[in-house]
Amino acid sequence: MMEEEVTLYKNVCPRNCFSTCSMITHVKAGKVVKVVGDPSHGFTKGKLCAKGYGYSQYVNSPERLKYPLMQTKRGSGNWQRITWDEAYDIISEKMVALRNRHGSNQSLAYNKFSGNLGLLHFAIEGLFESFGSHTKPVGNPCLGTGRQALKYNLPFEYSPPPEEMAYAKLVVIWGSNPARTNIQQMKFIHAARDQGAKLIVIDPIFTETAKVADMYIQIRPGTDGLLAMGLTKRLVDSALVEEWELRKQISGWDHYADILRNLDMKEVCEETGVCEEAIAELTSLYGTRTPVATWIGYGLQRRKMSVQNVRAIDALVTVSGNRFIKRGGLYYFHPEVENMPLKILKDNNQKNEQNREVNINHFASELLKLDDPPVEFLWIHSRNPLSQDQNIREWDRLMSQLEMVVVSDVTMSHTAKMADIVLPATTQFEEMDLHVSYWNHWLSYNQKAIEPVYEAKSDLQVARELAMKLNEKQPGFSRFPVELEAKDWIEKEVTDEVKENYSIKSWQDLIEKPAHFRSQFEEFQQILKAKPKPFTFFSKKAVEDGLSPFPIYQRDRENANHPFLLLTPQSLLKLHSQFGQVDWFEAYESSFDIKINREVGKQIGVETGDVLVVYNEQGDMEGLVELDASTPKNVVIMNQAGKEPVNALISTRLESYPGKESPELSSPFFDIYVSLRKGGVRR
Ligand SMILES: Nc1nc2c(c(=O)[nH]1)N[C@H]1C(S)=C(S)[C@@H](COP(=O)(O)OP(=O)(O)OC[C@H]3O[C@@H](n4cnc5c(=O)[nH]c(N)nc54)[C@H](O)[C@@H]3O)O[C@H]1N2
Ligand SMILES: Nc1nc2c(c(=O)[nH]1)N[C@H]1C(S)=C(S)[C@@H](COP(=O)(O)OP(=O)(O)OC[C@H]3O[C@@H](n4cnc5c(=O)[nH]c(N)nc54)[C@H](O)[C@@H]3O)O[C@H]1N2
Ligand code: SF4
Ligand SMILES: [Mo]
């Protein structure tokens, strides 16, 4: 028999990850048999992380949802296979009935976050827009806080291309763990070090990145703002920066300088846990090396008061003269998705009606409060809140009160298990798409490599077919342009402006290789020069939001009920709750669920491998504990996702937020306190 030929396709990893890697997919007999990196991508350069190489298992997994399913009693597990037509019928029937009952679409809501970041995945939002006013989430649970913080200090955003980190003479990482979460960036950091740069990692946990750094600073969680202020003070005191220069560039500098003068360095050391010698060394590095690349991590955002910490770090970068110098700069987030036309989302809102917006960080509790009309129908896609959100108990309450819950997903997620109807979603290999990254500046095209597995459909296909069904039931219900296919949307999305920005003639150019955004450096230099004092260290907006006007450290209001801070950072072989279906990883996964300091273990009477119970008002969770010497004594580290999501212990109230009017702050996932006790024998 003739051996089937292998055909190669270009795909993009659509996960919520810094890299948005380009991939080359090997397809044989209509099946993905291998996935490798695409050397034509200038940032990812032909390499993938383990998850990327694991895609041939991800896409072919027996755990994939195959058909639409209906559950007779929510949460009962009593599933029955239905046809797509039946699914659309049941869903559209309910949507039309609710619109007629309330005379509005506002009892229809959706929730989406980051399962697949492809631009055509905005189709479902586009579908809801096409109904007119509905209920939708706003904000960003992950990285909102830092953006808000940076905007207080400087009214425009600039993100340097991350490849430039390779030319920095000093790289300082505050609260990010790229050796785990952004492995592609590590090669640029190593390149910088090969040229004599130093790497400094500031993190309460001795991470994989900390282990390879020249200097590791084990900071007390939540106190980065104070350390940044201490460093800024020392820079000014040691005359490593010119005050007259700062006065010229920064509005409110004299007030800030006064605050710094009164800062007690002994208190800085005590509160941050960082000794004078380390502060002196860091000051000297920030003051004498140029350019310095400072990276504000997302791990830093997951705390209520981190908005002030980020402002203070930004102030340090500005004062040290590194904010806008070539090959230095401040790395946080590249907001390109917002600059894209996003026609699939925006063109469909032809009625221009105001939507009812709900803060995504408090989605479940805020939805429960709504009446006139109450939300009765919820569509969840690219999102697994029952594993990843805070306030899971509020979600349980919400789910039990809704009339209909529809979840579309690739596998039976925790959230899908609580739906009435589950719809099988395609993976990136089964659909066309366009991608930009929130970190690098590349635009890439994702080819359709295989036919949808079983009866899976892309979010776009579902939007088109449901719109048709809705209009059959009630003419004019949706204005979603059902005739447009993925290719048409891609064509529309790559406007003349996009072509100019990425120096391409047509979207087809992207099939050969991804394209890079033009340099924005000069443009921002011009903006800076045109403003007399572009940086503001006195923000009225911050005051309106309930914060200090100055970029100063403000202590978290700690929950004193429990002695340990619970940190649940990202896992190496998972992307939040995804990739559980890749069993290649099982051999590499740690068998431990919880990590604490050895001495704390001794006090509680547990040893590595024992069962430990972690608890607070939300409930308790048990797992196998690992003891080590480097975890801070007041910190407990646990994994995200998993069979029993740790987020069951994570709860905050909207009322307890600083600047609560702003839905743009992140969820304070790392602001959670717990107690510990020895568990019994493993169940
Ligand atoms: N393998 C893998 N990669 C991922 C993801 C994944 O799930 N798995 N998720 C992706 C997503 S959506 C995101 S947002 C990014 C996040 O990636 P990162 O920016 O690396 O953020 P985290 O992993 O949340 O946390 C990073 C570090 O912040 C530290 N930290 C916590 N509190 C503080 C503090 O107060 N001060 C300081 N200085 N450090 C603190 C934690 O100890 C942790 O080591 O990763 C992306 N990449
Ligand atoms: N404790 C704790 N919780 C956290 C964090 C933390 O650090 N600690 N980190 C937070 C952060 S940074 C983030 S970004 C969030 C992430 O929160 P989510 O975006 O909810 O995270 P995922 O687990 O990626 O869930 C997305 C779901 O989308 C599905 N999916 C994938 N592709 C598609 C598709 O094409 N179509 C559809 N319909 N579905 C698809 C996936 O299978 C998965 O079930 O989690 C947050 N939660
Ligand atoms: S998870 Fe991130 S690093 Fe891994 S393949 Fe996807 S984009 Fe690349
Ligand atoms: Mo995130």
Side-chain angles (χ1 to χ4, degrees), residues 12-23 35 37 44 47-55 111-116 118 121 124 140-143 173-178 180-184 201-210 217 219-224 227 295-303 306 309 380-390 407-411 413-416 423 425-428 431 437-439 458-459 462 565-579 635 637-641 645-647 649-650 666-667 669-670 672:
V12 182
C13 179
R15 304 281 83 85
N16 183 356
C17 170
F18 293 90
S19 304
T20 320
C21 295
S22 272
M23 316 188 288
V35 179
T44 65
K47 294 279 192 313
L48 302 173
C49 74
K51 299 179 289 300
Y53 294 113
Y55 269 126
N111 190 300
K112 179 210 186 189
F113 194 51
S114 69
N116 182 318
H121 279 264
I124 300 288
N140 187 318
C142 165
L143 46 77
I173 306 181
W174 301 71
S176 190
N177 184 11
R180 180 185 287 197
T181 59
N182 190 351
I183 57 144
Q184 303 282 11
V201 171
I202 303 172
D203 197 305
I205 301 178
F206 188 46
T207 62
E208 294 90 336
T209 319
I217 294 188
I219 192 163
R220 223 177 55 107
T223 63
D224 301 70
L227 177 61
W295 178 348
I296 300 182
Y298 300 137
L300 204 71
Q301 315 303 317
R302 318 201 195 290
R303 191 158 279 119
S306 43
N309 288 331
I380 302 175
H381 61 293
S382 269
R383 177 84 172 118
N384 189 6
L386 266 60
S387 168
Q388 293 308 118
D389 207 354
Q390 56 174 352
V407 173
S408 102
D409 207 302
V410 178
T411 57
S413 66
H414 277 90
T415 309
L423 304 173
T426 44
T427 67
Q428 69 269 26
E431 62 193 27
S437 156
Y438 57 83
W439 181 249
S458 69
D459 288 342
V462 172
L565 179 71
L566 175 64
L567 293 182
T568 52
Q570 326 305 325
S571 315
L572 180 66
L573 295 171
K574 282 259 177 87
L575 210 300
H576 301 295
S577 66
Q578 302 192 60
F579 287 94
V635 167
I637 305 170
M638 285 178 80
N639 299 327
Q640 266 179 70
V646 68
N647 287 31
L649 297 175
I650 298 179
S666 323
S667 287
F669 296 109
F670 295 175
I672 300 303

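Index from 1, following the sequence. We count ligands from 1, going down the list as the structure has it; atoms in each ligand are counted the same way.
- Proximity annotation for atom 7 (O) of ligand 1: of Q301, R180, H576, H576 comes nearest, heavy atoms only.
- Among L565, N177, L300, T207, the residue whose heavy atom lies nearest to atom 37 (C) of ligand 1 is L300.
- Some N or O of D224 is nearer than 3.5 Å to an N or O of ligand 1, by distance alone.
- Considering backbone and side-chain atoms alike, C17 places every N or O at 3.5 Å or more from each N or O of ligand 1.
- Using a 4.5 Å cut-off on side-chain heavy atoms (C-beta onward), N177 and Q570 make no contact.
- Taking NZ of K47 as the start and SG of C21 as the end, the distance is 11.5 Å to the nearest 0.5 Å.
- Using a 4.0 Å heavy-atom cutoff, R302 is listed among the residues neighbouring ligand 1.
- Both the backbone and the side chain of N384 come within contact range of ligand 2, each with a heavy atom under 4.0 Å.
- Contact annotation: for Y298 versus ligand 2, there are no heavy atoms closer than 4.0 Å.
- Nearest to atom 41 (C) of ligand 1 by heavy-atom distance, out of L572, T209, D203, T223, is D203.
- When heavy-atom distances to ligand 2 are checked against a 4.0 Å cut-off, R15 comes that close only through its side chain, counted from C-beta outward.
- For the pair S408 and ligand 2, the shortest N or O to N or O distance falls below 3.5 Å.
- Residue contacts with ligand 1, taken as heavy atom pairs separated by less than 4.0 Å, do not involve S114 at all.
- In terms of polar-atom proximity, defined here as any N/O pair under 3.5 Å, G299 does make such a contact with ligand 1.
- Residues that satisfy the salt bridge (charged side-chain N to carboxylate O under 4.0 Å, His left out) test with R303, not counting sequence neighbours, are D556, D671.
- Residue contacts with ligand 2, taken as heavy atom pairs separated by less than 4.0 Å, involve I650 solely via side-chain atoms from C-beta onward.
- Closest protein heavy atom to atom 8 (N) of ligand 1: K574 O, 2.7 Å.
- Of the listed residues (Q388, R303, Q570), the one carrying the non-hydrogen atom nearest atom 32 (N) of ligand 1 is R303.
- If you look at A425 next to ligand 2, the close heavy atoms, those under 4.0 Å, all belong to the side chain.
- Taking the six-membered ring for Trp and thresholds of 30 and 60 degrees, F579 and Y55 have ring planes inclined between 30 and 60 degrees apart.
- Shortest non-hydrogen contact noted between N647 and D389 is ND2-O, 3.0 Å.
- Contacts between T415 and ligand 2, counted as non-hydrogen atom pairs separated by less than 4.0 Å, are absent for every part of the residue.
- Around atom 2 (Fe) of ligand 3, the protein N, O or S atoms closer than 2.8 Å are C17 SG, listed by chain and residue number.
- Taking any N or O of W174, backbone or side chain, none lies under 3.5 Å from an N or O belonging to ligand 1.
- Under 4.0 angstrom from ligand 2, the non-hydrogen atoms of T568 come from both its backbone and its side chain.
- Atom 28 (O) of ligand 1 has its nearest heavy-atom neighbour, among G175, A641, P178, in G175.
- The proximity of R383 to ligand 2, defined as any non-hydrogen pair under 4.0 Å, involves the side chain as well as the backbone.
- At least one heavy atom of T426 sits closer than 4.0 Å to an atom of ligand 2.
- Within the 4.0 Å heavy-atom shell around ligand 1 one finds K51.
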